[in-house]
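A short write-up of the structure that comes next.
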Amino acid sequence: MKRIAVDRYIGPVWYDSFADIVADFTSGEHVRTDIYGGSYNQLQFYIGSIVLYNVCYRDFLREHGIDALIERLCYEAPAFRKETEAIRALRNKVEKCGALADYDIQCLSVDDPFLIKGDGFQHGFRNLRDMRISVEQYHRRKRYDFEAKEYVEISGIHILCDYEPYPVFDSSDSCDDRDYNNYFFLRRPFSADDIARIDAMPTCGNNCKVSEHLTHVSEMPLLYYKGEGPSMLLVQSKR
């Protein structure tokens, strides 16, 4: 049974166990050599998102704290105890993050079915592609707002895409049509106040508005997709 997801650009999203993650990320193509000839693996770069973007670990961390969580991870994958850099990175990430919000943040595959639950509505989608064909409004901060020319209407749900194009550094990037996308959901059309609130939300890079400090998540569930890769992040209330 799929249990733990990794938010990444390339590679599998779901793993059957944390032990499988440790085994994968500490061997093969995930091992690198630094300029001094030493070796390191990519687990330290992913461990924070593995914990913070899987509900099973978020809930445990919120209730029991970081020391108990590390012990749980070492129990699930004894080899993790030797990954001192990854453990240090996890502690730093959790400390920097501060208190966890009381809502869920879950990594999913773009091919996964998912349920959007909002204030007075809920709707299931077959995958990311199925949801995107129902986006009716697009917004780019302080630049553009436009309605979709064609979209599949869903009774009782309105979807807005807050997007930012990939950066253009030279002429080779000029035809890159990828965007960093935040999708918001309401049971009514989005107002100017809604869009102003979305504009005011801080980002953590790549136009990602997923954070521990959302104030209207029960009103507006949030789905973030970085524009490429196999994973996405779904944020919504536990209720």
Side-chain angles (χ1 to χ4, degrees), residues 1-7 13-14 48-66 69 93-94 96-132 134-137 139 153-163 180-226 231-239:
M1 180 178 179
K2 295 177 180 178
R3 196 170 82 81
I4 306 167
V6 180
D7 183 33
V13 174
W14 287 105
S49 64
I50 289 169
V51 167
L52 297 179
Y53 298 158
N54 280 279
V55 173
C56 62
Y57 292 139
R58 282 181 62 84
D59 288 346
F60 189 92
L61 175 61
R62 190 186 298 109
E63 181 175 358
H64 301 287
I66 183 61
L69 174 66
K93 180 74 171 181
V94 170
K96 182 178 179 180
C97 179
L100 293 190
D102 60 1
Y103 45 78
D104 290 338
I105 304 178
Q106 177 62 53
C107 177
L108 298 170
S109 165
V110 297
D111 296 318
D112 284 338
F114 60 95
L115 179 68
I116 290 293
K117 300 178 294 182
D119 184 14
F121 67 86
Q122 67 176 32
H123 186 82
F125 294 96
R126 293 190 296 272
N127 48 43
L128 176 64
R129 186 181 301 106
D130 180 44
M131 184 277 296
R132 293 176 79 168
S134 293
V135 174
E136 60 187 271
Q137 190 172 353
H139 170 71
E153 184 175 354
I154 302 174
S155 177
I157 301 181
H158 299 267
I159 306 175
L160 178 144
C161 175
D162 170 76
Y163 73 97
Y180 302 113
N181 301 299
N182 297 282
Y183 298 95
F184 295 89
F185 307 80
L186 283 177
R187 62 177 176 178
R188 55 171 172 76
F190 284 79
S191 67
D193 287 343
D194 295 323
I195 294 175
R197 187 163 61 243
I198 289 171
D199 269 352
M201 295 171 63
T203 64
C204 58
N206 295 341
N207 195 39
C208 180
K209 296 188 173 180
V210 174
S211 78
E212 303 294 337
H213 309 291
L214 304 180
T215 57
H216 295 85
V217 70
S218 62
E219 178 185 1
M220 292 190 295
L222 166 60
L223 181 72
Y224 173 74
Y225 180 56
K226 59 180 70 74
S231 61
M232 58 187 182
L233 301 178
L234 176 61
V235 186
Q236 59 187 350
S237 171
K238 284 184 168 296
R239 65 188 179 91

To check you understand the geometry: which heavy-atom pair defines the closest contact between [X] and [Y], and what is its length?
X: Ser109; Y: Val13; result: N-CG1, 4.0 Å
X: Asn54; Y: Gln106; result: OD1-NE2, 3.2 Å
X: Cys204; Y: Val210; result: SG-O, 3.9 Å
X: Lys238; Y: Val55; result: NZ-CG1, 4.0 Å

- Message: Once salt bridge (Lys or Arg N to Asp or Glu O under 4.0 Å) is applied, what residue pairs with a partner in residues 182-192 remain, sequence neighbours excluded?
- Response: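 Found Arg188-Asp194, Arg188-Glu219.
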Are [X] and [Y] side-chain neighbours, meaning at least one heavy-atom pair lies under 4.5 Å?
X: Leu233; Y: Asp7; value: yes
X: Pro202; Y: His213; value: no
X: Leu52; Y: Tyr57; value: no

- Task: Return the set of residues passing ring-ring contact (aromatic ring centres under 6.0 Å, His included) with His64 (not counting sequence neighbours), or none when no residue passes.
- Result: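 His64 satisfies ring-ring contact (aromatic ring centres under 6.0 Å, His included) with Phe60 only.
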- Query: Who pairs with His139 by ring-ring contact (aromatic ring centres under 6.0 Å, His included), at least two apart in sequence or on another chain?
  - Reply: none
- Can you tell which of Thr203, Asp162, Asn182 makes a side-chain hydrogen bond (donor to acceptor under 3.5 Å, both in side chains) with Lys209? Asp162
How long is the span from the [atom1] atom in [X] to the [atom2] atom in [Y], to the nearest 0.5 Å?
X: Ser134; Y: Ile159; atom1: OG; atom2: CD1; result: 5.0 Å
X: Asp102; Y: Ser237; atom1: CG; atom2: OG; result: 7.0 Å
X: Tyr224; Y: Cys107; atom1: OH; atom2: SG; result: 12.0 Å
X: Tyr163; Y: Asn181; atom1: OH; atom2: CG; result: 9.5 Å
X: Glu136; Y: Ile157; atom1: CD; atom2: CD1; result: 10.5 Å

- Message: Check Glu212 with Arg58, please: is the shortest side-chain N to carboxylate O separation under 4.0 Å?
- Response: yes
- Message: Check this for me: does any side-chain nitrogen of one of Asp104 and Lys117 sit under 4.0 Å from a carboxylate oxygen of the other?
- Response: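 No.
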- Task: Using the side chain to side chain contact (heavy atoms under 4.5 Å, CB included) rule, take Leu160 and Ile195 through it: C-alpha gap first, then chi angles, then the decisive distance, then the call.
- Result: CA-CA 9 Å; Leu160 178 144; Ile195 294 175; 4.0 Å; yes
Listing, residues 120-128 side-chain donor-acceptor contacts under 3.5 Å, not counting sequence neighbours, or none:
residue, atom, partner, partner atom, Å
Arg126, NH2, Asp130, OD1, 3.2
Asn127, OD1, Arg129, N, 3.2
Asn127, OD1, Asp130, N, 2.7

- Task: Please test Val94 against Leu100 for side chain to side chain contact (heavy atoms under 4.5 Å, CB included), starting from the C-alpha separation and ending with a verdict.
- Result: CA-CA 9 Å; Val94 170; Leu100 293 190; over 6 Å; no
- Message: Would you say His158 and Gln137 are linked by a side-chain donor-acceptor pair, where the criterion is simply a distance under 3.5 Å?
- Response: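 Absent: no donor and acceptor within the cut-off.
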- Message: Which residues pass the salt bridge (Lys or Arg N to Asp or Glu O under 4.0 Å) test with Lys93, not counting sequence neighbours?
- Response: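 Lys93 satisfies salt bridge (Lys or Arg N to Asp or Glu O under 4.0 Å) with no other residue.
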- Message: Considering only residues two or more places apart or on different chains, which pairs with a residue in residues 180-208 satisfy ring-ring contact (aromatic ring centres under 6.0 Å, His included)?
- Response: Tyr166-Tyr180
